[in-house]
Asker: 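First the structure, then my questions, so here it is.
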Amino acid sequence: MKFKSLILSVLVFVGYGSLQAETKLNTKQFNDRGESTLSREGNMVEITWPVGDQSFGKVQFDMAPGSPLFKSIRVGSENNYSNVSENLDAAFLLTIGERDLLSQNRWNIFFDRVPNKPYETFPVVLKKDSISVKSVGSRTIVNIGTLSAEDFSGNMEITFYHGSPLFNIAAVMSTPDDATAIVYDAGLISRSEEWKNMSWTSTADELESSTVNYADPAKNLAVKYRTIVASGEEGALALFPAPHQYFYPLDEAFNLKFVWHGENYRGLLEGYGMGIRQELEGDHRFVPWFNAPPGTKQRLNFFCLINGLGDNEAMEEVKKFTNADRYPKLPGYKTMSSHFHNEFIMNVVLAGKPIPEKPEFIDVFKRLGLDMVHLGEFHYTAHPKGPDSLRLQELKALFEQSERLSDDEFLLIPGEEPNEFFGGHWMQMFPRPVYWIMSRGDGVPFVENKPGFGKVYHIGSTEDMMRLLEEEQGLAWTAHARTKGSVNTPDIYKHKDFFKSDRFMGAAWKAMPADLSDDRSGLRVLDLLDDMNNWGEKKTVIAEADLFTVTHENEMYAHMNVNYLMLDQLPRYQDGWQEVADAMQNGKFFSTTGEVLMHNLKVNGKLSGETFNLNADGTADIDLKLSWTFPMSFVEVISGDGDEVYHERIDLRETKAFGEQDFDFQVNLEGRKWVRVEAWDCAVNGAFSQTFYIE
């Protein structure tokens, strides 16, 4: 592996030179009658914004060359402000590698090993030659200077969110080069010794602290909640990434020490700092990094939260943005996550190891707030094609353990990723335990009764598989569509009878690939859903995790997603879970990263999966109730006429953090055949509905 680092001058973030005239301040788009205020004195530009509870935050920018950008960061009210931190520089390290655009599905590739090819790491250099301040909804946005790193260029953007002590620091950069993949590390560097302690939450969910020694070399930490907090005499500053956007897809959710603190980080950032980081070699499997197509504005960013109290209080406030990494209960819904290759059966139960009364992976799922988990066991580890004796014992162990580990508040649903008969990779779920073998020799019956197992199916063809799904009311769907082992599916079989069947549910969504310029996530499958709608097929898309190891130490939440199924009761394992399959097949659910919830969504009085009539003027009324943690960005109404896809965006940048609101939209859908709804926040967390069909 080749690694080269470009080390610039000692102070790497700021362009230096002799003292010049004051930098011009552009305020043409700033609302001086809004909630935030702006003042300037010489090279100092100060932003004051409301943070809630009659309190305000103040950030003073120093535009003088050679001075730390953040002169001071304070929080308080009237003349009683706490000096949370001062003399800080924002720091970014951009690592640039090569994307494989040839071997698979271009930018949708997952099977790429970027760190095995040449790459370089560059400190991002800021030249403080301009500053502008604008008001956008309930936020104030400051754009500063010009940024450069190799062939990337752009500007720094700091966004203050009214009503919350939250702000975002971003290096917004683009490159003209094609076939580029990137990752970034970022943080804040202290230019004075004001920080007293560094704090974080351990993977055991306990707050830990370390006294700051400004000579200590930088170290990387495995933490929970992806957050590190610097505290001083008068307050605390928490630093953390977007909870899902910062984590490009991997097979494993290993905790790769995503925060750092100390002096001279990676030998490239002079001074003592703290921040977020990526392990360049990922999980040592397929490591695709982030896409950076030419001309796209990549947002290398992180969030900061301030308070005038201390580290514990700051950490608790950060945790609220992800509901403490837990999916909230929602009346009328049950949470379900899918596609886990935990291999508990083959690696523990049938390997002769002690079987724990309460396996760790079950506790992880329950702590995440999951009501149901759909497994993908036997992923290249078992005997799907037989011999019969082994295959049936494996299934029996799976069914017995799934029943044992289910209870009144949790349902473990057995399932597999068979990858036979249809082409590409696909997932399977029956609404009850079903014994089936993925082979059928000459003279072997389709179904027979075997002592100790009952009905046993032998499957040897696409026709056999469809007959099984129909007889047992099972579901199949494309796993990781248009990437990985499904790089050409479902497109290559969209005309096939099995795909057109109501037993073939559709596909599964995951934020893969990752692109820091997108303000929506997982476009690969969202676009596929639109395509399937325009093909005239009534298909649904569930969110999938597609992960292997499941432990408390892992960074599970960042790689997770969830489906909220419209169910009043959790099915009992012993009674089967037909209502789960029905909700999935009929579109009675929404999917989310967890921070945005769709409590209610109706179009002309109908629920997702149903058909409605347009109003006489060709419009439809959308009733939507949302709740969220991070401030919202927009709702997008997406529709199609069988050929084209149409997007209508409703701006929600007036919203503030931790809101709940009913929205009524009227949209023109004349000539359209279907419609669906998405909602996204400022950290690119989101939720999307299933499709509504137009009569």
Asker: Can you name the residues that form a side chain to side chain contact (heavy atoms under 4.5 Å, CB included) with Lys257, not counting sequence neighbours?
Answerer: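 So Lys257 forms a side chain to side chain contact (heavy atoms under 4.5 Å, CB included) with Asn220, Ala222, Arg277.
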Asker: Given side chains that start at C-beta, do those of Val677 and Leu601 come closer than 4.5 Å, heavy atoms only?
Answerer: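 SC-SC contact between Val677 and Leu601 confirmed.
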Asker: Measuring only between side-chain heavy atoms, which start at C-beta, is Phe247 closer than 4.5 Å to Pro241?
Answerer: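 Sidechains of Pro241 and Phe247: in contact.
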Asker: Is the number of heavy atoms from other residues, nucleotides or ligands under 6.0 Å of Lys297 NZ greater than 12?
Answerer: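 Not more than 12 within 6.0 Å, no.
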Asker: Are more than 12 heavy atoms from other residues, nucleotides or ligands located less than 6.0 Å from atom CD of Glu660?
Answerer: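 Atom CD in Glu660 is crowded, with more than 12 foreign heavy atoms closer than 6.0 Å.
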Asker: Suppose we screen for side chain to side chain contact (heavy atoms under 4.5 Å, CB included). Which residues come up paired with Glu35, at least two apart in sequence or across chains?
Answerer: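 Only Pro50, His162, Lys656 meet the side chain to side chain contact (heavy atoms under 4.5 Å, CB included) criterion with Glu35.
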Asker: Any side-chain heavy-atom pair from Leu88 and Ile189 closer than 4.5 angstrom?
Answerer: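 Result no, sub-4.5 Å side-chain heavy-atom pair not found.
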Asker: Verify the distance criterion only: is there a donor paired with an acceptor across the side chains of Asn83 and Glu234 at less than 3.5 Å?
Answerer: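 Side-chain D/A pair, Asn83 to Glu234: absent.
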Asker: May I ask you to check if Arg139 and Phe160 form a cation-pi contact, with NZ or CZ under 6.0 angstrom from the six-membered ring centre and within 45° of the axis?
Answerer: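 Here Arg139 fails the 6.0 Å and 45° test against Phe160.
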Asker: What are the two closest non-hydrogen atoms of Phe92 and Ala170, and how far apart are they?
Answerer: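 Nearest pair, atom of Phe92 first, then Ala170: CZ-C, 4.1 Å.
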Asker: Give every residue pair that meets the salt bridge (charged side-chain N to carboxylate O under 4.0 Å, His left out) criterion with at least one member in residues 593-606, sequence neighbours excluded.
Answerer: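 Residue pairs passing salt bridge (charged side-chain N to carboxylate O under 4.0 Å, His left out), neighbours aside: none found.
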Asker: For residues Phe70 and Asn87, determine if any side-chain heavy atom of one lies less than 4.5 Å from a side-chain heavy atom of the other.
Answerer: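 Sidechains of Asn87 and Phe70: no contact.
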Asker: If only atom types and distance count, is the side chain of Gln690 paired as donor or acceptor with the main-chain N or O of Val541 below 3.5 Å?
Answerer: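 The answer is yes, because a donor-acceptor pair under 3.5 Å joins these two groups.
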Asker: Taking side chain to side chain contact (heavy atoms under 4.5 Å, CB included) as the definition, give me every residue that meets it alongside Ser130, ordered by chain and number, with sequence neighbours left out.
Answerer: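 With sequence neighbours excluded, Ser130 shows a side chain to side chain contact (heavy atoms under 4.5 Å, CB included) to no residue whatsoever.
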Asker: Are Ile228 and Val223 side-chain neighbours, meaning at least one heavy-atom pair lies under 4.5 Å?
Answerer: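 Side-chain contact under 4.5 Å: no.
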Asker: Could Arg299 and Glu157 be called an ion pair, given the rule that one side-chain N must be under 4.0 Å from one carboxylate O?
Answerer: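 Salt bridge present between Arg299 and Glu157.
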Asker: Phe663: what forms a ring-ring contact (aromatic ring centres under 6.0 Å, His included) with it, not counting sequence neighbours?
Answerer: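 Applying ring-ring contact (aromatic ring centres under 6.0 Å, His included) to Phe663 gives Phe665.
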Asker: So Asn307 and Val84, do their side chains get closer than 4.5 Å, heavy atoms only?
Answerer: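 No, every pair of side-chain atoms sits at 4.5 Å or beyond.
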Asker: With sequence neighbours left out, what residues match Arg649 under salt bridge (Lys or Arg N to Asp or Glu O under 4.0 Å)?
Answerer: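 Residues passing salt bridge (Lys or Arg N to Asp or Glu O under 4.0 Å) with Arg649: Asp519, Glu636.
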Asker: Between Val562 and Thr592, is there a side-chain heavy-atom distance shorter than 4.5 Å?
Answerer: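 Yes, at least one pair of side-chain atoms sits under 4.5 Å.
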Asker: Atom OG in Ser138, atom CZ in Arg653: separation rounded to 0.5 Å?
Answerer: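 It comes to 10.0 Å.
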Asker: For the pair Arg520 and Asp518, evaluate salt bridge (charged side-chain N to carboxylate O under 4.0 Å, His left out) and give the outcome as yes or no after the intermediate values.
Answerer: CA-CA 5 Å; Arg520 299 160 61 218; Asp518 291 337; over 6 Å; no
Asker: Among residues at least two apart in sequence or on other chains, which ones pass ring-ring contact (aromatic ring centres under 6.0 Å, His included) with Tyr557?
Answerer: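 Here the qualifying residues are His244, Tyr327.
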Asker: Do Trp509 and Phe688 make the cut of ring centroids closer than 6.0 angstrom?
Answerer: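 Yes: the rings meet the under 6.0 Å criterion.
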Asker: Kindly write out the residues that satisfy salt bridge (Lys or Arg N to Asp or Glu O under 4.0 Å) with Glu86, not counting sequence neighbours, or none if the list is empty.
Answerer: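 Residues passing salt bridge (Lys or Arg N to Asp or Glu O under 4.0 Å) with Glu86: none at all.
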Asker: Measure the CD1-OH distance between Ile276 and Tyr184 for me, rounded to the nearest 0.5 Å.
Answerer: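 If we round to the nearest 0.5 Å, Ile276:CD1 and Tyr184:OH are 4.5 Å apart.
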Asker: Between the side chain of Ser190 and the main-chain N/O of Ser192, is any donor-acceptor distance below 3.5 Å?
Answerer: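 Yes, Ser190 side chain to Ser192 backbone: donor-acceptor pair under 3.5 Å.
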Asker: Mind checking ring-ring contact (aromatic ring centres under 6.0 Å, His included) for Phe303 and listing every partner two or more places apart, or none if nothing turns up?
Answerer: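 Phe303 satisfies ring-ring contact (aromatic ring centres under 6.0 Å, His included) with Phe240, Phe630 once adjacent residues are dropped.
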Asker: Show your working on side-chain contact (heavy atoms from CB on, under 4.5 Å) between Gln298 and Val172 and close with a plain yes or no.
Answerer: CA-CA 5 Å; Gln298 299 294 316; Val172 184; over 6 Å; no
Asker: Where do Leu188 and Leu237 land on the side-chain contact (heavy atoms from CB on, under 4.5 Å) test, with the steps shown first?
Answerer: CA-CA 10 Å; Leu188 295 170; Leu237 187 159; 3.8 Å; yes
Asker: Is there a donor-acceptor contact under 3.5 Å linking the side chains of Glu678 and Trp680?
Answerer: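 Distance-only check passes for Glu678 and Trp680.
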Asker: What pairs with Phe290 under ring-ring contact (aromatic ring centres under 6.0 Å, His included), at least two apart in sequence or on another chain?
Answerer: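 By the ring-ring contact (aromatic ring centres under 6.0 Å, His included) rule, Phe290 matches Tyr248.
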Asker: May I ask you to check whether Asn600 and Asp623 show a side-chain donor-acceptor distance below 3.5 Å?
Answerer: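 Checked: Asn600/Asp623 side chains show no N/O donor-acceptor pair below 3.5 Å.
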Asker: For residues Phe258 and Tyr246, establish whether the separation of their ring centroids is below 6.0 Å.
Answerer: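 No - the distance between ring centres of Phe258 and Tyr246 does not fall below the 6.0 Å cut-off.
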Asker: Salt bridge check: are Lys319 and Asp325 linked by an N-O gap of less than 4.0 Å?
Answerer: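 So Lys319 does not pair with Asp325 through a salt bridge.
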Asker: Looking at side-chain heavy atoms only, is the closest gap between Lys196 and Thr211 below 4.5 Å?
Answerer: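 No, every pair of side-chain atoms sits at 4.5 Å or beyond.
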Asker: Between Leu166 and Phe321, does a side-chain contact (heavy atoms from CB on, under 4.5 Å) hold up when you go through it step by step?
Answerer: CA-CA 11 Å; Leu166 180 74; Phe321 284 96; 3.9 Å; yes
Asker: Working note: Arg266 + Leu93, criterion side-chain contact (heavy atoms from CB on, under 4.5 Å); need CA distance, chi angles, decisive distance, verdict.
Answerer: CA-CA 9 Å; Arg266 288 184 61 187; Leu93 294 179; 4.0 Å; yes
Asker: Please list all pairs passing the salt bridge (charged side-chain N to carboxylate O under 4.0 Å, His left out) test where one or both residues lie in residues 50-63, with sequence neighbours left out.
Answerer: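 Matches after skipping sequence neighbours: Glu46-Lys58.
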Asker: Side chains of Ser591 and Asn563: do they bring a donor and an acceptor to under 3.5 Å?
Answerer: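 Yes, because at least one side-chain N or O of Ser591 sits under 3.5 Å from a partner of the opposite role on Asn563.
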Asker: If I take atom NE2 from residue His559 and atom CD from residue Glu555, how far apart are they, to the nearest 0.5 angstrom?
Answerer: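 Nearest 0.5 Å value for the NE2-CD distance: 6.5 Å.
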Asker: Sequence neighbours left out, what passes side chain to side chain contact (heavy atoms under 4.5 Å, CB included) with Val229? Give chain and number order.
Answerer: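 In terms of side chain to side chain contact (heavy atoms under 4.5 Å, CB included), with neighbours along the sequence ignored, Val229 is linked to Ser199, Thr227, Ala236, Ala238, Asp311, Ala314, Met315.
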Asker: Side chain of Ser202, backbone of Glu206: donor and acceptor closer than 3.5 Å?
Answerer: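 Yes: the side chain of Ser202 pairs with the backbone of Glu206.
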Asker: We want to know whether His261 and Tyr272 form a side-chain donor-acceptor pair, criterion being a heavy-atom distance below 3.5 angstrom.
Answerer: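 Yes - a donor-acceptor pair under 3.5 Å links their side chains.
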